[in-house]
Amino acid sequence: MKASPRAEGSNRILLSVSPGEGEAFIADVSDDGVKLSGTGAGGLWQAIYWIQDEMERNGGPWLAKGRVERRAAWNPRHLYSYFALYGDPLLEADIDPFPDGYLEKLARVGINGVWMQCVLNNMAPSKVFPEFGRRCDERIRNLNNLIERAKRSGMKIYLYINEPRAGTADFFRNRPEIRGAESGGFYAMCTTPPLVREWISDSLAYLFERAPELGGVFTISMSENLTNCHSKFRPQSCPRCSGRKDWEVVGEVLEAVRSGVRRSSKDAEIIHWDWGWPPEMCRNLIPKLPADVRYQSVSEWSTPIERGGVKTEIGEYSISVVGPGPRATANWAIARKAGVRTMAKTQFNNTWEISAVPYIPVPHLVARHCRNLAEAGVSGIQASWTLGGYPSPNLETAKEFYFAPQSSAGEVLERVAARRYGRKAAPQVVEAWAQFSAAFELYPYSVSIYTIPTQHGPANLLRAKPTGVRNTMILFPQDDYKRWAGKYPPEVVQNEFAKMAGLWEQALPKFRKALESVPAVKRLLAMEDLAIAETCSIHFRSTANQVEFYILRDGDRTPASLQRMREIAKQEIDLARRLYPLAVKHSVIAYEATNHYYYRPPDLAEKILNCQYLLDHELRED
């Protein structure tokens, strides 16, 4: 591709705000300087970020002459903060979930919003429920401070609404008329009585009146939490809701949310997410959504796959499987027919497939997913759940599809690699990314991703004898390998992880070699990217090792199986030793906000001692 002539002479940059809605900008580059015009603050910010991106790609303070026009194709584009603990951030003044530098980095990669959880009974007072709203003014004051800070980088704050929250029997002792379905000793606030829906609307109206620059809300209405009486598919214990349709009950809740927000804000986004909605509910509820809300669906869900000869489909967040799948596609079509704008819930950085790294270096899969979403006609994205908020090459790749006109995936990946690593290193980096992406597509999805030790890698200890201890969600895999395997035979899981690790290991030298050409100014970040890629490789190989070790342990013990178990223990020592300096040097390794650290360097040292003990005592060759 022939480069355009560089602009010479004046270094003036002239900024102006033009009329219009959304985020759009025009950049005119000539020998007289650069003229940037953007619609509103958002458009102007994106024009400035475009200059920064181009200068980084060009390796210096110069630009190609010509005119560039871009406009946002997807809006909003929000995610969860990489730093945000899942607590009560609006009262924890010593914990800042949105550092200014972080917000600026998110804006640079095209994100224009961050979301945080909101428990409505903490955010507004109520005459009907006098115990609600304690310290709400303090929370709203802190929320407005966050909104103001985010605005400096062209960002908005969105709130996650999952209401009404359940209560104990004590709360309903004198309120039997609103005590709803029971689950696990808690009771829903039944939303069939207008009283509860009015409280939802009044509380949101109160909140948006006092925080008028809030970007909006997104709702979940059928989650793990008990909220409305149908939320956990157990309405039978509610005398009012047991005979009602789930889409009627949930539809009333969604309208209560909408009416409350709209009472105080005509412009705030109201996004209804279909997480947990069964097919019949989707068919009946989506057409009833009003035109001033947006309908959101998880892009990749229900995609059929076959890996290792096992057929299954996606029921959790995935990057190894590229969406959109048939569920989202069908439901978006229903929404568009009803005149409702559509959004995609995505994970562009990481998932529970492996969350011990801030991002999985598979930009080719991200680019393919974004291209598919562009063709599907979505209007915006939620780019992460509580994991996945790191400003990464994956988010840089996705950004190229946020704005029209869009380039081909090949051009996008070349631009991103050149910006991050320099033009000389870019071709080899793109090749390595392609191999990482191809390897990751072998991930045996439908293993138990919450319990299999892809989060822990070699930090998970080896046990020579069965412990009988069940794994727990995310943090303690133990030796419960049959449950790790999920829908697969353990032998298939071991084989698929071994193949994936093998392909990843073949790509690593290419990535490492490419980084030798990275300019000094970019080297520090490049070395962290290499550490992230190395960590993925180590975790995948260790997962294969651990599954194989336990298959052998629980099988017929032979000299050959004992020898192989010893080899695995030695490999685990080597993997822990390789990972130790990476974990020491790079604080992003093994960290995820809602779980903190899966392991720390001393845990890897313990694994070395653990394996050495097995070799010396439990697995001795007598």
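Index from 1, following the sequence.
- A cation-pi arrangement is absent between Arg210 and Phe208 under the rule of less than 6.0 angstrom and at most 45 degrees off the ring axis.
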>> Run Ser407 and Arg415 through side chain to side chain donor-acceptor pair (under 3.5 Å) and show every step you take.
In response: CA-CA 10 Å; Ser407 302; Arg415 277 205 298 266; 3.0 Å; yes
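- One finds the CZ atom of Arg77 at 9.5 Å from the CE atom of Met155 (value rounded to the nearest 0.5 Å).
- Separating the CD atom in Gln382 from the CH2 atom in Trp273 is a distance of 5.0 Å, to the nearest 0.5 Å.
- Using a 4.5 Å cut-off on side-chain heavy atoms (C-beta onward), Pro235 and Asp246 make no contact.
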>> Please evaluate residues Phe83 and Tyr102 with respect to the criterion ring-ring contact (aromatic ring centres under 6.0 Å, His included), reporting the C-alpha separation (whole Å), side-chain torsions for both, the decisive distance (0.1 Å), and the verdict.
In response: CA-CA 9 Å; Phe83 299 100; Tyr102 171 67; 5.1 Å; yes
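- Taking the six-membered ring where the residue is Trp, the centroids of Tyr295 and His272 are separated by 6.0 Å or more.
- Note on Glu252 versus Arg244: salt bridge recorded, some NZ/NE/NH1/NH2 to OD/OE distance being below 4.0 Å.
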>> Test side chain to side chain contact (heavy atoms under 4.5 Å, CB included) on Met116 and Leu146; report intermediate values, then the result.
In response: CA-CA 11 Å; Met116 59 196 304; Leu146 288 177; 4.0 Å; yes
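- Residues Ser297 and Lys345 form no side-chain contact, since every pair of their non-hydrogen atoms from C-beta on lies 4.5 Å or further apart.
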> Is there a side chain to side chain contact (heavy atoms under 4.5 Å, CB included) between Cys136 and Asn122 once you walk through the steps?
Replying inline: CA-CA 6 Å; Cys136 66; Asn122 288 334; over 6 Å; no
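- Applying side chain to side chain contact (heavy atoms under 4.5 Å, CB included) to Val340 and the options Asp292, Leu289, Ile334 leaves one that passes, Leu289.
- The line from CD of Gln347 to NE2 of His369 is 10.5 Å long, rounded to the nearest 0.5 Å.
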>> side chain to side chain donor-acceptor pair (under 3.5 Å), that's the test. Do Ser355 and Gln455 meet it? Break it down for me.
In response: CA-CA 6 Å; Ser355 61; Gln455 324 306 334; 2.7 Å; yes
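- Within 6.0 Å of NZ in Lys156 there are 12 or fewer heavy atoms belonging to other residues, nucleotides or ligands.
- Pro76 has its side chain within reach of Met343: a pair of non-hydrogen atoms, C-beta onward, lies under 4.5 Å apart.
- Using a cutoff of 4.0 Å between basic side-chain nitrogens and carboxylate oxygens, Arg108 and Glu56 are scored as salt-bridged.
- Looking only at side-chain heavy atoms (C-beta outward), Ile200 and Pro164 come within less than 4.5 Å of each other.
- Atom CD1 of Ile286 is separated from atom CG of Asp274 by 6.0 Å, given to the nearest 0.5 angstrom.
- When side chains are defined from C-beta on, Ser379 counts as touching Arg294, because their heavy atoms get closer than 4.5 Å.
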>> For a side chain to side chain contact (heavy atoms under 4.5 Å, CB included) check, start with the C-alpha distance between Thr386 and Trp115, then their side-chain angles and the critical distance, and finish with the verdict.
In response: CA-CA 9 Å; Thr386 55; Trp115 69 265; 3.9 Å; yes
>> Between Glu148 and Asn145, is the side chain to side chain donor-acceptor pair (under 3.5 Å) condition met? List the steps.
In response: CA-CA 5 Å; Glu148 187 61 32; Asn145 289 337; over 6 Å; no
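- Here the side chains of Val253 and Ser221 are not in contact, with every heavy-atom distance at 4.5 Å or above.
- With ring centers used as reference points, Trp352 lies 6.0 Å or more from Trp385.
- Residues Val217 and Val261 meet the side-chain proximity criterion, which asks for heavy atoms closer than 4.5 Å.
- Looking only at side-chain heavy atoms (C-beta outward), Ser446 and Glu316 stay at 4.5 Å or farther from each other.
- Close placement of the Phe132 and Trp199 rings is indicated, their centers lying within 6.0 Å of each other.
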> Going through the checks in order, is the side chain to side chain contact (heavy atoms under 4.5 Å, CB included) test met by Val430 and His364?
Replying inline: CA-CA 9 Å; Val430 172; His364 285 70; 3.9 Å; yes
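- The two residues Trp74 and Ala374 make their nearest non-hydrogen contact at CZ2-N, 3.6 Å.
- Remark: Asn228 CG to Asn162 CG distance equals 8.5 Å, nearest 0.5 Å.
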> Can Tyr82 and Tyr591 be said to form a ring-ring contact (aromatic ring centres under 6.0 Å, His included), step by step?
Replying inline: CA-CA 10 Å; Tyr82 180 67; Tyr591 172 79; 5.4 Å; yes
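- In this structure, Ala188 and Thr227 approach most closely via the heavy-atom pair CB-O, 3.0 Å.
- Two rings, from Phe218 and His78, have their centers less than 6.0 Å apart.
- Here the OG1-OH distance, from Thr351 to Tyr445, works out to 6.5 Å after rounding to the nearest 0.5 Å.
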> Would Thr312 and Arg307 satisfy side chain to side chain donor-acceptor pair (under 3.5 Å), going step by step from the backbone distance to the final call?
Replying inline: CA-CA 8 Å; Thr312 183; Arg307 292 180 180 172; over 6 Å; no
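- Considering all non-hydrogen atoms of both residues, Gly325 and Thr303 come closest at CA-OG1, 3.2 Å.
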